[in-house]
Amino acid sequence: MYENTFPHKRFKLTFEFLQKHISTSETILDLGVENPFSKLMISRGYNVENTKGEDLDLDTTTILNSNAEVTTAFEICEHLLNPLNSLSAIKGNKLVASVPLKLWFSNAYQSKTDKWDRHYHEFEDWQFDWLLEKAGWKVIDRQKFTHPTKKIGFRPILRWFTPRYYLVYAERI
């Protein structure tokens, strides 16, 4: 998944945000297959189960059958055509989620080799807040952060100053 680059800054800030709002005694359903971040949560004492790789646009069975108190959705909603279905299906009362923000100077991400590794959505913060509200969530806390690269050029310079990621903690209304 991260053959050439590992997102140390994103993982650090995301984990700190998670710790701020969720205790290790709460059970977590992490939307998406097991991944380096879900493994990190487990290694730091969280009780995490993942969805099984099903198309969450069409099949929310795992979400509906979960009794987890918390759902995490880190870098998953942008891959769904209709994240409203999955976000509405969550039974727990707490949600911690992150999405990439739309950058005016860069097109949406699209892998040429992996059909699942594509962004259908890249959000503005207000769009993600609105989506969560429509799905029955109230955003309690939020954080934006940049994702600088070590490349040379105009767009890499902009990435040092332009927020790329948006993290939210929300509770069921």
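As a basis for the values below, the full set of heavy atoms in this structure was taken, side chains included, without hydrogen atoms, waters or symmetry mates. What you see is a predicted model, and the numbers here were worked out from it, not measured in a lab. In this chain, numbering begins with 1 at the start of the sequence shown.
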Give the intermediate values and the outcome of side chain to side chain contact (heavy atoms under 4.5 Å, CB included) for residues Leu31 and Thr71.
CA-CA 7 Å; Leu31 301 186; Thr71 299; 3.8 Å; yes
Measuring only between side-chain heavy atoms, which start at C-beta, is Asn85 closer than 4.5 Å to Leu56?
no
Stepwise side chain to side chain contact (heavy atoms under 4.5 Å, CB included) check, Tyr46 with Phe15:
CA-CA 11 Å; Tyr46 285 96; Phe15 193 78; 3.8 Å; yes
Show your working on side chain to side chain contact (heavy atoms under 4.5 Å, CB included) between Thr162 and Leu101 and close with a plain yes or no.
CA-CA 9 Å; Thr162 307; Leu101 291 168; over 6 Å; no
Determine, using the 4.5 Å side-chain heavy-atom cutoff (strictly less than), whether Ile140 and Phe145 are members of one ILVMFWY cluster.
yes
Short N-O contact, Arg142 and Asp125, less than 4.0 angstrom
no
Looking only at heavy atoms, what is the nearest atom pair of Ser38 and Val48, with distance?
CB-CG1, 4.3 Å
Using side-chain heavy atoms (C-beta onward) and a distance below 4.5 Å, is Glu75 in contact with Arg10?
yes
May I ask you to say whether Glu78 pairs ionically with Lys102, meaning some side-chain N is under 4.0 Å from a carboxylate O?
no
When you look at NZ of Lys138, are more than 12 heavy atoms from neighbouring residues, nucleotides or ligands closer to it than 6.0 Å?
no
With heavy-atom distances below 4.5 Å as the criterion, would you say the side chains of Trp137 and Ile90 are in contact?
yes
Could you tell me if the side chain of Glu122 sits less than 4.5 Å from the side chain of Arg164, heavy atoms only?
yes
Can you see which heavy atom on Thr60 is nearest to which on Ala89, and at what distance?
CB-CB, 4.0 Å
Do you know which two heavy atoms are closest between Ser98 and Leu167, and how far apart they sit?
CB-CD2, 3.6 Å
N/O donor-acceptor pair under 3.5 Å between Asn93 side chain and Arg172 backbone:
no
Looking only at atom types and distance, does a side-chain atom of Ser43 sit under 3.5 Å from a main-chain N or O of Leu40, one as donor and one as acceptor?
yes
When you check the side-chain N and O atoms of Glu49 and Ser66, is any donor under 3.5 Å from an acceptor?
yes
Using a 4.5 Å cut-off on heavy atoms from C-beta on, say whether the side chain of Lys94 contacts that of Ile22.
yes
Between Cys77 and Pro83 the two heavy atoms that sit nearest each other are O-CG, 3.9 Å
Show your working on side chain to side chain contact (heavy atoms under 4.5 Å, CB included) between Trp160 and Thr146 and close with a plain yes or no.
CA-CA 6 Å; Trp160 281 89; Thr146 62; over 6 Å; no
Taking Pro7's backbone N and O only, do any of them form a donor-acceptor pair with Lys9's side chain (distance below 3.5 Å, no angle check)?
no
Hey, are Asn47 and Thr27 close enough side-chain-wise for a donor-acceptor pair under 3.5 Å?
no
With the side chain counted from C-beta on, respond yes when Phe123 and Tyr166 share a heavy-atom pair under 4.5 Å apart, and no when they do not.
no
Taking only Lys NZ, Arg NE, NH1 and NH2, and the carboxylate oxygens of Asp or Glu, determine whether Lys20 and Glu16 approach each other closer than 4.0 Å.
no
